[in-house]
Each structure stands twice: as structure tokens, then as C-alpha cells.
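These notes are about the structure you will find just below.
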Amino acid sequence: QVQLVESGGGLVQAGGSLRLSCASSGLPVSSYTMGWFRRAPGKEREFVAGIRWSATFYADSVKGRFTISRDTAKNTVYLQMSGLKPEDTADYYCAARTPFRNTSRLWDDYDYWGQGTQVTVSS
């Protein structure tokens with residue numbers, strides 16, 4: 001059974017940093033495309049960052065501030081967020097896409113999802 005469990009969310013002041021974790025059981029993060037998405041209050045869910053093999057890709061809104069990485073020994077994917085802004089406030093979700101398929105920035109193209117972790121950035 002596949003499980004993706006996010007953690008690391010919380011309340012932070014604008015300009016601060018947080019590191020989100022996505023612990024995977026049942027699938028190897030080393031071979032799946034792993035993505036982070038977020039949904040802000042009253043807004044549509046949006047892509048944030050992804051990693052496939054050694055390649056990473058980001059939404060323009062977070063490029064240069066967020067970094068996605070993974071630790072294969074811990075089977076965990078991370079999202080390091082710095083320079084946080086109030087508009088980064090959202091529920092953040094981890095997702096996994098079956099290997100050997102193209103990268104995607106669409107939520108529906110992913111096959112497994114976590115339950116989310118809340119990030120609140122105060123001004």
C-alpha cells in the first residue's frame with residue numbers, strides 16, 4: 001500500500017523559511033516523478049515543484065526561493081522554502097507519478113497524493 005505523508009508545515013513570518021518533508025512508503029521516490037502542489041484558500045490547486053531523476057522544475061512564482069530534493073536512503077522528498085511571502089500561505093501536498101512517464105505540472109497526472117500540510121505566512 002502506497003502512503004505519502006507530509007510534515008513540516010506551520011506558521012512563519014514573511015521572509016522566513018520552512019522545510020516540508022514527504023515520507024514515502026510503498027514506492028521509491030528515487031524512480032518516481034515527485035511533485036509538490038499547493039492550494040491557497042479560495043484558489044485552485046497549483047503546481048509548485050517537481051523532481052524526476054536528476055531534473056528539477058518549478059513554478060515561476062517560487063523559482064529561486066524554493067528547492068525540491070530527495071533523500072533516497074530515507075525515501076523522503078523535501079521542499080525547502082525560503083523568502084516566504086504571505087501569498088505562499090496554502091495547504092501543501094506531495095504527489096507521485098508513475099515512472100517512465102513524462103514530467104507533469106498537472107495534479108490529475110499524478111497517481112498518488114498525500115493528505116497535505118498547512119503553511120501559513122504572516123506579514
Side-chain angles (χ1 to χ4, degrees):
Q1 183 180 358
V2 174
Q3 257 196 323
L4 301 175
V5 179
E6 303 95 335
S7 62
L11 174 64
V12 64
Q13 287 189 329
S17 299
L18 278 177
R19 188 178 78 161
L20 305 183
S21 299
C22 171
S24 170
S25 58
L27 68 83
V29 300
S30 58
S31 55
Y32 277 65
T33 294
M34 302 299 298
W36 284 97
F37 291 80
R38 68 186 181 187
R39 174 176 275 172
K43 294 189 177 181
E44 296 291 318
R45 188 185 294 113
E46 65 175 351
F47 169 80
V48 175
I51 183 167
R52 179 174 184 261
W53 304 118
S54 59
T56 58
F57 45 108
Y58 299 91
D60 287 344
S61 59
V62 306
K63 202 173 293 183
R65 299 188 298 123
F66 291 10
T67 302
I68 187 171
S69 63
R70 61 181 167 221
D71 184 329
T72 55
K74 296 182 178 179
N75 209 28
T76 298
V77 176
Y78 302 99
L79 184 68
Q80 178 68 47
M81 307 185 295
S82 60
L84 283 162
K85 305 174 182 180
E87 51 263 44
D88 294 318
T89 294
D91 291 327
Y92 283 72
Y93 300 88
C94 175
R97 179 166 161 83
T98 302
F100 310 112
R101 297 172 68 182
N102 293 336
T103 57
S104 175
R105 297 168 182 251
L106 301 177
W107 175 265
D108 289 342
D109 283 346
Y110 285 72
D111 303 290
Y112 303 98
W113 306 268
Q115 293 300 307
T117 186
Q118 188 175 54
V119 172
T120 302
V121 184
S122 63
S123 57

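The chain is numbered in sequence order, starting from 1. Please read these numbers as outputs of a predicted model, since none were measured by experiment.
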Any donor-acceptor N/O pair, [X] side chain to [Y] backbone, under 3.5 Å:
| X | Y | answer |
| --- | --- | --- |
| Gln80 | Arg19 | no |
| Asn75 | Val29 | yes |
| Arg105 | Tyr58 | yes |
| Asp71 | Thr76 | no |

Can you list the residues that meet the salt bridge (Lys or Arg N to Asp or Glu O under 4.0 Å) rule with [X], with sequence neighbours excluded?
| X | answer |
| --- | --- |
| Asp108 | none |
| Arg101 | Asp111 |
| Asp88 | Arg38, Arg65 |
| Lys74 | none |

Interatomic distance, [X] atom [atom1] to [Y] atom [atom2] [nearest 0.5 angstrom]:
| X | Y | atom1 | atom2 | result |
| --- | --- | --- | --- | --- |
| Arg52 | Arg70 | CZ | CZ | 10.0 Å |
| Thr56 | Lys63 | OG1 | NZ | 9.5 Å |
| Gln13 | Ser123 | CD | OG | 9.5 Å |
| Thr33 | Ile51 | OG1 | CD1 | 9.5 Å |
| Arg45 | Asp91 | CZ | CG | 10.0 Å |
| Met34 | Ser24 | CE | OG | 5.5 Å |

pair Trp113-Val2: side-chain heavy atoms closer than 4.5 Å: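 Not in contact.
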Leu11: hydrophobic cluster co-members (side-chain, 4.5 Å): none
Partners meeting side-chain hydrogen bond (donor to acceptor under 3.5 Å, both in side chains) with Ser104 (sequence neighbours left out): Asp109
Pairs flagged by disulfide (SG to SG under 2.5 Å) wherever residues 18-97 is involved - sequence neighbours left out: Cys22-Cys94
Residues two or more places apart in sequence or in another chain: which of them pass side chain to side chain contact (heavy atoms under 4.5 Å, CB included) with [X]?
| X | result |
| --- | --- |
| Ser69 | Tyr78 |
| Val119 | Leu18, Leu20, Met81, Tyr92, Val121 |
| Ser31 | Pro28, Trp53, Pro99 |
| Val5 | none |

Atom of Leu4, atom of Ala96 and distance for their closest heavy-atom approach: CD1-N, 3.9 Å
Shortest non-hydrogen contact between Val48 and Leu79, atoms and distance: CG1-CD2, 4.1 Å
More than 12 heavy atoms from other groups under 6.0 Å of CD on Glu87: yes
Pairs involving residues 21-51, ordered by first then second residue, that meet ring-ring contact (aromatic ring centres under 6.0 Å, His included) (sequence neighbours left out):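 Found Phe37-Phe47, Phe37-Trp107, Phe37-Tyr110, Phe47-Phe57.
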